[in-house]
Every structure is written in structure tokens, then in C-alpha cells.
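Order of listing sets the numbers, starting from 1, for every ligand and every atom in it. Given the structure is predicted, the values throughout are model-derived calculations rather than measurements.
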Amino acid sequence: MNIDRLMADIKKLGNIGYEEGKGTSRMAYSEAFFKGRDFVKFLMEEAGLVTHIDAVGNLTGVLEGTDSKKIAIGSHIDTVPNGGMYDGALGVLAGIEAVRVLKEMNYQNKHTIEIIAFNEEEGNVVGGTFGSKAFAGAKLEESMIEKMAEYGMTVSDFNSSVRKGEDYLAYLEYHIEQGGILEKTNMEIGIVPGIFGIIRYRVVVSGVTNHAGSTPMYLRHDALEMACNIITDAYDMARRKNNTMVCTIGVLNLEPGAVNVIPGKAEFIIELRDKDMIDMHEVIEELQQKHAGENIEMTKIIEQENTICSPELTAVFKECAEKLGYKETTVYSGAGHDLINTSMIMPSALLFIPSVNGISHHKDEFSKEEHIEKGTMVLIEAIKTIDGGNLDENKNY
Ligand SMILES: [Zn+2]
């Protein structure tokens, strides 16, 4: 592969929507987004791909094979406001580089290869993973329909963008880790068995509002003090459950919210994320049992299932990384990706490379050139393996 060529593409795309000191802002349907997509379309066509843009703005480039069944390689080209230049863009541009390399080595692809640049993965405009939701025919949320109208799109535009899973042999997504595990463990490649599921509970704790000076400690029903116990327990239970679960309380509101008044009400949201749903449900149950009889109301507000990547395809990534002699390890994805949607209709697999300092969604997002090169090499090897039909269905990752 030609790492200089790929790095130049990453930098050129990263400069579209870039502002000094702030980072890259290429939100879906913005002027910068369309400019960036034009650039990626140009690269695809230059590499000999036949391009297409669907009604919600996903860009695809196809290299015909003798077998119409497709191997898709994709990610997204939109960014968060003031984001970096690797999140999403890497997977799309490395896919184009893979096609260029295969052509240069006169590789005759049996299966049709499709590079996908999904739109609006980040969700700051219409909703999270909107482009791949349309592509995979996932459920369209009410809030998305309203936002779509603002950009001149209708439900039929969404429906017209739906693809058939049976047309695809595989979907491969190559992405930066956006966390610090690979760097911390000195690994070059992350093999991803799945994406975390999410559970969020709103917790309302009721106490009694009273004077902060004249109410002795033994006569108080302080909602925050009770909330603190619940929060500490949530952290402890999540830590004890397994070594992957993460627990976050990022929102806490107190009423009435005055320095000299004992809080009568504390409201917060517990978010748990983990590789499967069972352990998270158990933590919530433990928490409810331990605090039963207290003035607490716990209401589930979100439950998003975890995603399991295709074991066969994941094993291909692992074998290719091993064959190339790269240091690889298993790492779950704590962040959502377009693969959540593609995996509902076709076998899908996710490949990570380290993020320096684990930083992402920020101007300082950075991945080393040597890792970008190695990840792309794994991707190219995987495409060849899958295209050659050397999939072992009995292989269980
Ligand atoms: Zn991303």
C-alpha cells in the first residue's frame, strides 16, 4: 500500500471544514460536508469506482466483480462540531486505498466491492447513525422525521435508500479506537467482538426540604445524601460485576437548589454500558433491592441492545493481523458505529487502531501513521480472504 497517498487523502479531507485552533467541523448537510463528499466522490472515481448518492446523502462507490454479491467497506465522513480528521474518514479513505492497491497488483476481485461513505453518523443534525439506519432499513425515529423535513427529506427518501442484506457477503468497518486501551496495552490492532449496549435509568430521590442551619443531622431527610449512597453503590456494583462495564452519572439536579436549603429532591441519570445486557440488568436489580423501601423512583429511559460482530469475519481480521505479524488484542467498542445498523442485515466486523491518548471528537484526535498503515494492511488482507471465499463458518471468535 501507499501510506503517503492515504495520509495525503486523510489530511486533505480533514482540511475541509477545518478551523485553526478548533478542529474539523463537517456536520451532515453542511456546506463543508458536501465539499468533503465531493472530494471523496472524486477519489472513488479516480480509483475506478462507479459512484452513487442515495436520497439521504450516503455516497457509495462500486468496483464490479464476477459475483454480484458485495463486500462492503465503509464508515462515515461527517464529523462532530470541532472534531478530528480520523473518526470515520479513516475507514472510508482506507477502503478507497484498498481498492487502489488491489488494482495495482492486478487483483481480480470475484465479488463486487463497495466502498460506503455514510452520512450523519454523529447525530448532531438529524440523529445518530441516520445514514446507515436508512441504508439498513432500521427503525426511523419520530424525532428524525421532523429533522429530515428541515433538510427537504421525506420518509420515502429514507425508504428509497434501503439496501437488501442478501446482496452483501460482508461489511467491514475500520475505525480509530476513540479510547485508550490499545495504546495503554501497547497494541497495534484491535479486534472488536462487539459494541456495548446501553441502559439509562432516571432516578428521583425524595427527601424533605428544610433549613440548613436549624435542622440537626439526625432530623434530616436529605435527598442528596441518599442519592450519594445510591451513586456510590452503582459505581461499586458496576466495577465488581466485570471488567468491561462502565457506569456514568453525568447529570444531577437538586431541588430547590440553594446553598442554605437541604435538598428535598435529587434527580440523576445512571448510564451503564457493557458488552452484554444481562450484567447491566443485574446491577440495576441489585441497586433496586439494596435501596428498596427508600423514597426512590427508578425509571428506565433508554435500553439499546449490544451489537455482536460476525464471529467469522472477526476471526478473519484476527488471522490477517497475526499473519502480518502485528500486535493484536480483543477490545470491545464503547462507542456506537454505523456497524450497529449494517449488522442487522449482513455479517459485519469492526477493526480498530490506537488513538493517541485515547482522544477523539476533539481537534487533538490523532492516530499514528504506522498504525494507520498496519490497519489498512489488515483490511486489504481481509478483503482478499473474504473475496477468495476462505471463510470458515465453524470458526467462532
Ligand atoms: Zn466514527
Ile270/Val203 under side chain to side chain contact (heavy atoms under 4.5 Å, CB included): CA gap, chis, key distance, verdict = CA-CA 7 Å; Ile270 298 178; Val203 185; 3.9 Å; yes
Taking only Lys NZ, Arg NE, NH1 and NH2, and the carboxylate oxygens of Asp or Glu, determine whether Lys41 and Glu45 approach each other closer than 4.0 Å.
-> yes
The protein N, O or S atoms lying under 2.8 Å from the Zn ion (ligand 1) are His76 NE2, Asp87 OD1, His175 NE2
Side-chain contact, heavy-atom cut-off 4.5 Å: Glu122 with His76?
-> yes
Taking the six-membered ring for Trp and the full ring for Phe, Tyr or His, determine whether the centres of His337 and Phe352 are under 6.0 Å apart.
-> yes
Donor-acceptor under 3.5 Å (Asn2 side chain, Arg5 main chain) | yes
Would you find more than 12 non-hydrogen atoms of other residues, nucleotides or ligands less than 6.0 Å from Glu370 atom CD?
-> yes
